[in-house]
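Quick notes on the structure that follows.
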Amino acid sequence: DREAHRAKLRVRRQTASIADAAVTLLDGLSVLMKKNGQTPQSLYDALGSGSDLRREDFCELLKVVDPAIANHDQKILWEYADENGDGSLSSEEFCGLFERDREAHRAKLRRQTGRYLDSAMEIIARLKDLLKQNGQTPEGVHSALGGGAALQREDFCKLLLAVDPELSDQDQSALWE
């Protein structure tokens, strides 16, 4: 289907863009550390205060480099950095971010964001199927939910939950973004 092919191309472009932005952000962190005479380990020690680094602290660090970084991009970088998925960054995980080369980062981030965006595309496809089964169109649902105005996040999330009741708040936010 031509529309699905175009959507996949858009996803690939977005994935490449996210990966490039993440690599640029990691480069910015490296420059900031060097400028302040820090190493990845000394920065980790300062932020972690003797324990593993929490997500909140990691995201605050990202905001120092890019104050406009989207929550979705923070989530992608956190999931990328937290290799074992335990919810905190060990010294090895944090310092490892600065030991890989740019192309290794870019390749890994593209795989990660590609999987994430593929799941978003799957949810959207399921939503389209549900609309079709009910004899509705995306435009009709938009008009009904938005009342002719811009669709609000709350209504969008209700629609998503109708398709997948198990969808987390973070995934809803990412799809909204």
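Sequential numbering from 1 along the given sequence is applied to the chain's residues. The shown structure was predicted, so the numbers you read here are calculated from the model rather than taken from an experiment.
Scanning for salt bridge (charged side-chain N to carboxylate O under 4.0 Å, His left out) contacts around Glu60 gives Lys63, with sequence neighbours left out. Partners of Gln38 according to the side chain to side chain contact (heavy atoms under 4.5 Å, CB included) rule, which considers only residues two or more places apart in sequence or in another chain, are Met33, Asn36, Ser42, Leu43. Residues meeting the salt bridge (charged side-chain N to carboxylate O under 4.0 Å, His left out) test with Lys132, sequence neighbours left out: none. Under the rule for a side chain to side chain donor-acceptor pair (under 3.5 Å), the partners of Ser91 that lie at least two apart in sequence or sit in another chain are Gln41. Remark: Asp57 engages Arg54 in a salt bridge (charged side-chain N to carboxylate O under 4.0 Å, His left out) (not counting sequence neighbours).
The distance from atom CG of Asn84 to atom CG of Leu89, rounded to the nearest 0.5 Å, is 9.0 Å. Interatomic distance, Glu93 CD to Leu53 CG, rounded to the nearest 0.5 Å: 10.0 Å. The CG atom of Asp52 lies 6.5 Å from the CG atom of Asp86; values are rounded to the nearest 0.5 Å.
Around atom CD of Glu56, more than 12 heavy atoms belonging to other residues, nucleotides or ligands sit under 6.0 Å away.
The ring-ring contact (aromatic ring centres under 6.0 Å, His included) pairs that include a residue from residues 31-64 are Tyr44-Phe94, Phe58-Trp78, where partners are two or more places apart or lie in different chains.
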